[in-house]
Amino acid sequence: MSLDLTNSSSTSQPAPILKGEYIPSQADVHVFKSITSPPSGATNPHVTRWYNHIKSYAAEHGTLPGSSTAGEAFIGTQVASSKEAAADDDDEIDLFGSDEEEDAEAERVKAERVAAYNAKKANKTKTTAKSVVTMDVKPWDDETDMAALEAAVRSIEQDGLLWGASKLVAIGYGIKKLQITLVVEDEKVSTDELQEKIAEFEDYVQSTDIAAMQKL
C-alpha cells in the first residue's frame with residue numbers, strides 16, 4: 001500500500017509522535033516507505049522535517065528497533081480519511097443533472113417545432129371547395145318574359161355565388177327554359193336555398209332543376 005502525504009492536511013509528523021520519542025523505529029520506516037513522493041515543506045513543514053530525518057537513517061532502516069504496527073495503523077487511518085473525503089466529493093456530484101439538462105433541451109426543441117408547425121399551418125392558404133352548377137329554370141308558359149325572368153334570377157347576390165353564361169333551350173310547345181351556369185363556394189352557398197330564392201319569383205318561375213354539378 002502506498003501513501004501520498006503531499007496533499008495531506010495533517011501538519012504533524014507521523015510515527016515519532018505516535019511513539020512519543022525522536023529515535024526512528026520500524027514504524028517510521030514503514031510509513032516512510034509508503035510515501036509515494038516527498039512532502040512539501042511549504043504546506044507540511046512538520047511532515048517534511050520528519051521525512052528528511054527518517055531519510056537520513058536510510059542505511060540503518062533494516063536495523064532500527066521497534067515494530068511496524070504503529071506505522072501500519074497510521075497508514076490505515078490516512079487511507080480511510082482519503083476514502084471518506086472521496087465519498088463526500090462523490091455525494092456532491094449531480095448524477096442526474098446532465099439527463100435533466102438533456103430532457104429540458106429536448107422539450108425546448110420539441111416546443112419550437114410545434115410552434116413552427118402551428119405558425120405554418122395558420123399562414124397556409126386554405127383551399128376553398130367550389131362547384132360548377134348548371135341550373136334549369138322553367139317558365140309558366142310561352143308568354144313568360146324570359147329576359148325579365150333571367151334578370152330576376154341574376155338579381156340574387158350572395159357571398160360565394162358567381163353567375164355565368166346562360167342560354168334559352170326549347171322544351172316544346174313554343175316554351176323555352178333558361179339554362180344558366182353558376183359557380184358556388186360549397187361552404188357558403190346551398191343550392192337548395194338558392195332554388196328556393198329563385199322560386200320566390202313566382203310571376204316568372206314554375207320550377208328549377210339542377211341539370212349538372214361538378215367540383216372544381
Side-chain angles (χ1 to χ4, degrees), residues 1-131 159-160 185-189 215-216:
M1 180 181 294
S2 60
L3 183 66
D4 184 2
L5 294 179
T6 58
N7 296 322
S8 174
S9 61
S10 173
T11 57
S12 62
Q13 53 199 46
I17 295 301
L18 291 174
K19 290 183 64 62
E21 56 189 38
Y22 293 94
I23 299 174
S25 69
Q26 289 301 317
D28 295 290
V29 174
H30 185 80
V31 174
F32 179 85
K33 290 182 177 181
S34 299
I35 297 175
T36 56
S37 60
S40 170
T43 56
N44 293 298
H46 297 298
V47 174
T48 301
R49 185 169 61 252
W50 168 86
Y51 180 88
N52 291 333
H53 180 61
I54 303 304
K55 184 178 180 181
S56 68
Y57 284 85
E60 305 173 39
H61 280 182
T63 60
L64 291 175
S67 169
S68 63
T69 302
E72 294 171 358
F74 175 79
I75 292 175
T77 301
Q78 291 296 312
V79 171
S81 298
S82 297
K83 290 182 178 179
E84 183 177 351
D88 291 341
D89 291 341
D90 289 342
D91 289 342
E92 295 177 0
I93 298 176
D94 185 359
L95 298 178
F96 302 99
S98 59
D99 290 341
E100 291 177 355
E101 292 175 0
E102 291 176 1
D103 290 344
E105 178 65 14
E107 287 298 325
R108 184 186 66 79
V109 172
K110 180 179 178 181
E112 289 180 354
R113 289 178 178 174
V114 171
Y117 172 78
N118 290 335
K120 183 178 180 180
K121 186 176 180 181
N123 294 329
K124 184 177 180 180
T125 303
K126 185 178 180 181
T127 302
T128 302
K130 296 181 180 180
S131 298
D159 184 27
E185 292 184 19
D186 297 342
E187 291 186 356
K188 296 180 179 179
V189 180
K215 300 290 184 181
L216 284 179

_Qualifying residues under side chain to side chain contact (heavy atoms under 4.5 Å, CB included), relative to V29, sequence neighbours excluded_ = Q26, K33, H61, L64
Kindly write out the residues that satisfy side-chain hydrogen bond (donor to acceptor under 3.5 Å, both in side chains) with [X], not counting sequence neighbours, or none if the list is empty.
{"X": "N52", "result": "none"}
{"X": "K55", "result": "none"}
{"X": "N118", "result": "none"}
{"X": "R108", "result": "E105, E112"}

_Please enumerate all residues that pass salt bridge (Lys or Arg N to Asp or Glu O under 4.0 Å) together with K110, with sequence neighbours excluded._
none
Work out which heavy atom in [X] is nearest to a heavy atom in [Y]; give both atom names and the distance.
{"X": "G160", "Y": "K188", "result": "CA-CD, 4.2 Å"}
{"X": "D186", "Y": "S131", "result": "OD1-OG, 2.8 Å"}
{"X": "P24", "Y": "P65", "result": "O-CD, 3.8 Å"}
{"X": "W50", "Y": "F32", "result": "CH2-N, 3.7 Å"}

*Interatomic spacing from CD1 in I54 to OH in Y57 - rounded to 0.5 Å*: 8.0 Å
*At what distance, to the nearest 0.5 angstrom, does CD of E185 lie from OG1 of T128?*
5.5 Å
